[in-house]
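Let me begin by presenting the structure, written as structure tokens, before commenting on it.
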Amino acid sequence: MKHHIENLIASALAGLEATGALPPAHGAAITVDHTKSKEHGDFACNIARVLAKHAHAKPRELAEKIVKALPASEKISKVEIAGPGFINFFLGADANHGVIREILDQRERFGRSRLGAGRKVQMEFVSANPTGPLHVGHGRGAAYGATLANLLDAAGFNVHREYYINDAGRQMDILATSVWLRYLELCGEKFDFPVNGYKGDYVYDIGATLHRENGDKYRHAATRVFEKIPLDEPKGGDKETHIDALIERAKSLLGADAYRKVFDLGLNVILDDIRQDLEEFGVTYDQWFSERALVEDGAANRAIERLKKSGHVYEKEGALWFRSTDYGDEKDRVVVRENGQKTYFAHDIAYHMDKLERGFDRVIDIWGADHHGYVPRIKAALAAIGDDPERLHVLLVQFAILYKGGERMQMSTRSGEFVTLRELRREVGNDAARFFYVLRKCEQHMDFDLDLAKSQSNDNPVFYVQYAHARIHSVFRQMKEKGFAHDPANGDRNLARLTEPHERALIERLARYPEVIEAAATTFEPHQVAYYLRELAYDFHTYYGAHTFLVDDAAVRDARLNLVVAARQVIANGLKLLGVSAPETM
RNA sequence: GCGCCCGUAGCUCAGUUGGAUAGAGCACCAGCCUUCUAAGCUGGUGGUCGCAGGUUCGACUCCUGCCGGGCGCGCCA
């Protein structure tokens with residue numbers, strides 16, 4: 001409808017230009033907007049105000065000329081000039097009736113578009129370190145990423161979903177060492193657990209598995225393990241050097257093969273847990289991309305070679321630096337450390353290089369907001385090796401701050417004191433969690449009040465939307481009990497009988513669904529869909545309250561049933577995008 | 001100190017990319033179930049859009065400066 005009106009205006013302007021009433025080549029974009037108030041019709045256009053200066057005319061006079069030049073349209077019942085030169089369009093009563101037919105015809109395909117034209121988009125999200133279970137902060141990235149992926153898919157993009165596994169790095173070594181130390185405790189060894197080790201219960205469990213399956217095979221005396229290890233923090237030492245020394249000790253005592261076994265046990269147990277957690281949350285991936293595999297494949301070395309060739313690399317104090325300041329970063333960054341080890345950054349350059357080489361038109365990273373300082377350097381690296389940094393979109397998701405009993409909760413994987421995504425899902429359910437998470441745009445800080453989510457879960461808007469869906473199913477159950485049958489063809493012939501204001505409002509809302517999907521996809525804002533669904537549910541519930549659908553007049557009844565089936569379809573389509581179920585009963 | 005994000009009703013947040021009188025939900029008040037599910041509907045109370053300037057026909061929206069909150073500024077990942 002929007003496009004229809006835009007076309008009418010475009011041809012009016014062309015007509016005016018042809019007669020010389022308007023100077024040509026104005027170059028202004030025609031925008032038609034939905035009005036806020038019905039007083040101003042259904043759509044409004046401000047083109048007369050925009051072009052007034054260019055045409056050396058008063059906005060109202062120009063508006064009158066444009067209106068006179070408008071081609072006739074059977075969908076428009078009235079055109080008015082209002083205020084200081086807005087052109088308001090009033091739709092005919094049946095202008096949108098065709099959308100009901102469209103929805104019933106296209107069913108789950110309704111709302112999909114070809115906006116993306118099949119362009120390939122790679123999306124990476126969550127990618128939490130496999131050092132512990134996902135917590136509620138990861139849940140937000142998961143819900144947001146999965147929903148955005150669904151949206152882009154619906155908008156006609158070819159979406160590839162990916163999880164980057166940080167399985168090469170110090171954090172993983174700390175985990176492996178923590179697991180081994182817990183194992184040693186189970187073997188009967190006595191020592192103080194390092195403050196910088198992972199202390200969650202799951203580390204204990206993995207240590208227990210190691211013990212159950214291998215007995216004392218990996219046991220070493222505590223005195224030997226801690227021999228000449230620098231003191232830990234509580235004893236006046238440094239916790240970082242303490243844990244690093246323990247990692248080296250684990251590697252040397254166990255040997256490369258055994259260490260890798262312990263390491264992989266921890267990695268696999270936690271990764272399986274994460275994978276299952278996400279799957280239950282309706283979040284699935286096309287690929288789980290291993291950092292370790294990338295490095296072992298030599299990709300990091302190749303990335304560094306490419307950087308070197310670009311001439312933006314230099315040596316200083318024994319380390320290899322990337323001069324990211326050449327591309328606007330605030331300081332240069334190390335890619336190879338003094339000790340010869342490559343940094344996480346070097347690996348990440350290799351990973352992003354790999355993404356772009358795989359032929360994606362667009363690469364989207366969804367990161368926690370704490371990584372925002374990281375964006376300029378990764379873009380700098382891509383620019384240095386001759387890739388287009390504009391192809392990379394980094395979306396930063398702000399933290400979800402948890403409150404319980406009015407108090408802010410600390411979330412730290414290391415301390416093991418955090419609310420896991422799994423706990424949250426159990427408390428409020430998958431549907432409410434998915435919906436709640438995408439109710440805010442990603443740059444908005446989110447207060448997640450656990451007590452509220454628990455105690456007032458009935459007030460969660462997700463139930464309101466689901467209830468509308470279930471109610472429509474209920475109407476059909478009642479229909480059968482009353483001995484009626486739905487004749488969609490008859491309903492289709494009688495769509496003109498849908499003249500009530502509630503019906504017009506509902507139909508208009510349904511007609512907007514495709515616009516909402518496109519807008520949400522292009523702005524990366526899934527919350528628009530959530531808000532739309534709530535409004536759609538409101539339109540339905542008020543309609544339901546004001547009119548009976550199962551009336552004796554078959555023409556009206558069938559037309560109304562066509563309408564509510566269409567509403568049910570759009571609700572189901574929208575909920576599907578959000579990863580929320582559409583129940584038939586509640 | 002520098003950088004990113006946020007500041008809209010008592011609370012949690014929208015605001016169609018600069019348009020007409022700033023909107024929801026929750027909470028609070030008053031009504032509506034022998035009639036398609038009351039997880040619903042109808043009405044009401046509630047705002048100096050953080051503050052001060054600027055840009056223009058027009059600013060919650062764009063620019064500048066303050067104030068307040070969150071996060072980040074490693075040869076960690």
Side-chain angles (χ1 to χ4, degrees), chain A residues 2 31 33-37 39-40 44 46 49-50 52-53 59 82-86 88 129 131 166 168-172 174 240 291 316-321 330-331 333-339 341-345 347-348 368-376 396-399 401 436 439-449 452 456-468 470-479 481-482 484 512 515-516 519 522-523 527-528 530-532 534-535 537-538 540-551 560-561 564 585-586:
Chain A
K2 222 171 176 173
T31 55
D33 292 314
H34 291 275
T35 55
K36 277 183 187 163
S37 153
E39 237 179 283
H40 302 124
N46 65 349
R49 315 198 54 172
V50 176
K53 247 181 202 167
F86 291 104
N88 292 335
N129 283 346
T131 53
N166 296 124
R170 181 164 172 266
Q171 295 307 321
M172 287 306 297
I174 295 176
E240 303 292 348
E291 177 186 4
K316 190 179 94 182
E317 294 161 4
L320 194 68
W321 295 70
E330 50 191 32
K331 54 172 288 193
R333 310 291 173 178
V334 171
V335 284
V336 181
R337 287 193 276 265
E338 200 179 358
N339 65 11
Q341 288 213 319
K342 286 179 274 297
T343 59
Y344 174 83
F345 177 47
H347 292 177
D348 222 19
D370 52 337
H371 287 70
H372 69 82
Y374 200 75
V375 178
L396 299 169
V397 178
Q398 296 292 325
F399 279 13
I401 302 164
F436 198 97
L439 217 42
R440 277 115 190 75
K441 48 184 152 190
C442 67
E443 64 263 34
Q444 179 71 250
H445 299 269
M446 176 185 282
D447 288 341
F448 208 122
D449 189 327
L452 195 77
Q456 304 193 337
S457 60
N458 279 357
D459 295 325
N460 193 309
V462 68
F463 296 104
Y464 185 75
V465 176
Q466 288 181 317
Y467 184 46
R471 258 186 161 177
I472 297 170
H473 272 281
S474 174
V475 167
F476 279 84
R477 287 190 291 271
Q478 277 296 320
M479 179 191 76
E481 277 183 30
K482 291 188 174 184
F484 291 128
R512 287 185 71 162
E515 286 173 32
V516 171
T522 52
T523 55
H527 76 275
Q528 291 191 30
Y531 278 87
Y532 168 84
R534 211 174 58 179
E535 283 159 4
Y538 170 78
F540 169 75
H541 285 307
T542 54
Y543 178 34
Y544 181 97
H547 299 283
T548 307
F549 310 149
L550 299 172
V551 293
R560 286 182 173 174
L561 289 175
V564 297
T585 58
M586 284 181 78

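Letters go in sequence order (proteins before strands), and every chain restarts at 1.
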Query - Spatial distance of atom CG (A:Asp348) from atom NE2 (A:His371) [nearest 0.5 Å] - result: 9.0 Å

Query raised in the report: Which nucleotide in the set B:C41, B:C6, B:C75 lies at the smallest distance from any side-chain heavy atom of A:Tyr464?
Result: B:C41

**Report entry** Minimum-distance nucleotide (side-chain atoms of A:Ser474 versus B:A77, B:C36, B:U16)
**Finding:** B:C36

Query raised in the report: Does B:C49 have a Watson-Crick or wobble mate here (both distances under 3.5 Å), and if so which one?
Result: none

Query raised in the report: Do the side chains of A:Thr343 and A:Arg337 get nearer than 4.5 Å, heavy atoms only?
Result: yes

**Report entry** Between B:G18 and B:C57 - C1' atom distance, rounded Å
**Finding:** 12 Å

Query raised in the report: When the distance from CD of A:Glu443 to P of B:G72 is rounded to whole Å, what number comes out?
Result: 18 Å

Query raised in the report: Is the glycosidic angle of B:U17 within 90° of 0, making it syn, or outside that range, making it anti?
Result: syn

Query raised in the report: Would you say A:Arg337 reaches B:G74's phosphate, i.e. side-chain N/O to OP1/OP2 under 4.0 Å?
Result: no

Query raised in the report: Hey, does the side chain of A:His347 reach the backbone of A:Asn166 with a donor-acceptor pair shorter than 3.5 angstrom?
Result: no

Requested in this report: For B:G7, give its Watson-Crick or G-U wobble partner with both distances under 3.5 Å, or none.
Outcome: B:C67

Query raised in the report: Closer than 4.0 Å, any side-chain N/O of A:Lys342 to the OP1 or OP2 of B:C75?
Result: no

Query raised in the report: Given atom CD of A:Glu317 and atom C1' of B:G74, what is their separation to the nearest angstrom?
Result: 14 Å

Query raised in the report: For atom P, what is the distance between B:A24 and B:G43, given to the nearest Å?
Result: 10 Å

Query raised in the report: Among B:C75, B:U16, B:G19, which is the nearest nucleotide to the side chain of A:Asn46?
Result: B:G19

**Report entry** Pairing nucleotide - B:A39, Watson-Crick or G-U, each distance under 3.5 Å
**Finding:** none

**Report entry** Euclidean distance for C1', B:U56 against B:U61 (whole angstrom)
**Finding:** 14 Å

Query - Spacing of the P atoms in B:C67 and B:A59 (rounded, Å) - result: 26 Å

Requested in this report: Considering only atom C1', compute the distance from B:G25 to B:A20 and round it to an integer number of Å.
Outcome: 26 Å

**Report entry** Whole angstrom value for the distance that separates P of B:C71 from CE of A:Met446
**Finding:** 16 Å

Query raised in the report: What's the NE2-C1' distance between A:His34 and B:G19, to the nearest Å?
Result: 15 Å

Query raised in the report: Heavy atoms under 4.0 Å, any strand shown: does A:Ala546 hit a base, just sugar-phosphate, or nothing?
Result: nothing

Query raised in the report: With sugar-phosphate meaning primed atoms plus P, OP1 and OP2, does A:Tyr544 contact a base, only sugar-phosphate, or nothing at under 4.0 Å between heavy atoms?
Result: base

Query raised in the report: P atom, B:C4 versus B:C11: distance in rounded Å?
Result: 29 Å

Query raised in the report: So which nucleotide does B:A22 pair with, by the Watson-Crick or G-U wobble rule with both distances under 3.5 Å?
Result: none

Query raised in the report: Within the structure shown, what part of the strands sits under 4.0 Å from A:Ala468 by heavy-atom distance: base, sugar-phosphate, or nothing?
Result: nothing

Query raised in the report: Is there a donor in the side chain of A:His527 and an acceptor in the side chain of A:Gln444, or the other way round, less than 3.5 Å apart?
Result: no

Query raised in the report: Should B:C73 form a Watson-Crick or G-U wobble pair with both distances under 3.5 Å, which nucleotide is its partner?
Result: B:G1

Requested in this report: Look at the side chain of A:Thr343 and decide which nucleotide, out of B:C60, B:U17, B:A77, has an atom nearest to it.
Outcome: B:A77

Query raised in the report: Roughly, in whole Å, what's the span from CG in A:Asn129 to C1' in B:A77?
Result: 6 Å

Query raised in the report: Which of these nucleotides, B:C36, B:C4, B:C75, is closest to any side-chain atom of A:Lys482?
Result: B:C36

Report task. Measure the acute angle between the ring planes of A:Tyr544 and A:Phe540, then classify it against the limits of 30° and 60° as parallel, tilted or perpendicular. Result -> tilted

Requested in this report: Tell me whether the OP1 or OP2 atom of B:C75 has a side-chain N or O from A:Lys331 closer than 4.0 Å.
Outcome: yes

**Report entry** C1'-based separation of B:U45 from B:C26 [nearest Å]
**Finding:** 15 Å

Report task. Compare side-chain N and O positions of A:Gln444 against OP1 and OP2 of B:A14 and report whether any pair is under 4.0 Å apart. Result -> yes

Query raised in the report: A:Ser474 side chain to A:Ala470 main-chain N or O, any donor-acceptor pair under 3.5 Å?
Result: no

Query raised in the report: Would you say A:His527 reaches B:G15's phosphate, i.e. side-chain N/O to OP1/OP2 under 4.0 Å?
Result: yes

Query raised in the report: Which one is paired to B:A59, where only Watson-Crick or G-U wobble pairs with both distances under 3.5 angstrom count?
Result: none

Report task. Round to a whole Å and report the spacing from CD of A:Gln398 to C1' of B:G7. Result -> 13 Å

Query raised in the report: Roughly how far, to the nearest 0.5 Å, is the NZ atom of A:Lys2 from the CD atom of A:Glu515?
Result: 4.5 Å

Requested in this report: Whole angstrom is fine here: how far is it from NZ in A:Lys441 over to C1' in B:U61?
Outcome: 10 Å

Report task. Report the distance from atom CZ of A:Arg477 to atom CD1 of A:Ile472, rounding to the nearest 0.5 Å. Result -> 11.5 Å

Requested in this report: Tell me which nucleotide among B:A20, B:A38, B:A14 gets nearest to the side chain of A:Arg471.
Outcome: B:A38

Query raised in the report: Under 3.5 Å, is there an N or O donor on one side and an acceptor on the other linking the side chain of A:Asp370 and the base of B:G72?
Result: no

Query - Same-atom distance (C1') from B:C29 to B:C66, integer angstrom - result: 41 Å

Query raised in the report: Is the aromatic ring of A:His40 within stacking range of B:A20, meaning centres under 5.5 angstrom and planes under 30 degrees?
Result: yes

Report task. Spell out yes or no: do the side chain of A:Asn88 and the base of B:A20 have one donor N/O and one acceptor N/O closer than 3.5 Å? Result -> yes

**Report entry** Minimum-distance nucleotide (side-chain atoms of A:Val475 versus B:C36, B:A77, B:A39)
**Finding:** B:C36

Query - Whole-Å gap separating C1' (B:C5) and CG (A:Leu396) - result: 9 Å

Query raised in the report: Is the phosphate of B:U42, meaning OP1 or OP2, less than 4.0 Å from a side-chain N or O of A:Tyr538?
Result: yes

Report task. With the side chain counted from C-beta on, respond yes when A:Met479 and A:Phe549 share a heavy-atom pair under 4.5 Å apart, and no when they do not. Result -> no

Report summary line: Closest to the 5' end of RNA chain B, once A:Arg440 and A:Gly373 are matched to their nearest nucleotides, is A:Arg440

Report task. Answer with yes or no whether A:His445 presents, from its side chain, a donor or acceptor under 3.5 Å of a partner atom in the base of B:G69. Result -> yes

Query raised in the report: For A:Phe86 and B:A20, do the ring centres fall under 5.5 Å apart while the planes stay under 30° apart?
Result: yes

Report task. Have a look at A:Ala319 and say if it touches a base, only the backbone sugar-phosphate, or nothing, with a 4.0 Å heavy-atom cut-off. Result -> base

Query - Selection from B:C71, B:A77, B:G15 that lies nearest to any side-chain heavy atom of A:His372 - result: B:C71

Query raised in the report: Could you state the interatomic distance from NE2 (A:His473) to CZ (A:Arg471), rounded to the nearest 0.5 Å?
Result: 14.5 Å

**Report entry** Anti versus syn assignment for B:C67, with syn defined as within 90° of 0
**Finding:** anti

Query raised in the report: Counting only side-chain N and O atoms of A:Arg534, is one of them less than 4.0 Å from OP1 or OP2 of B:A14?
Result: no

Query raised in the report: Toward the 5' end of RNA chain B, which comes first, A:Gln528 or A:Tyr344, by nearest nucleotide?
Result: A:Gln528

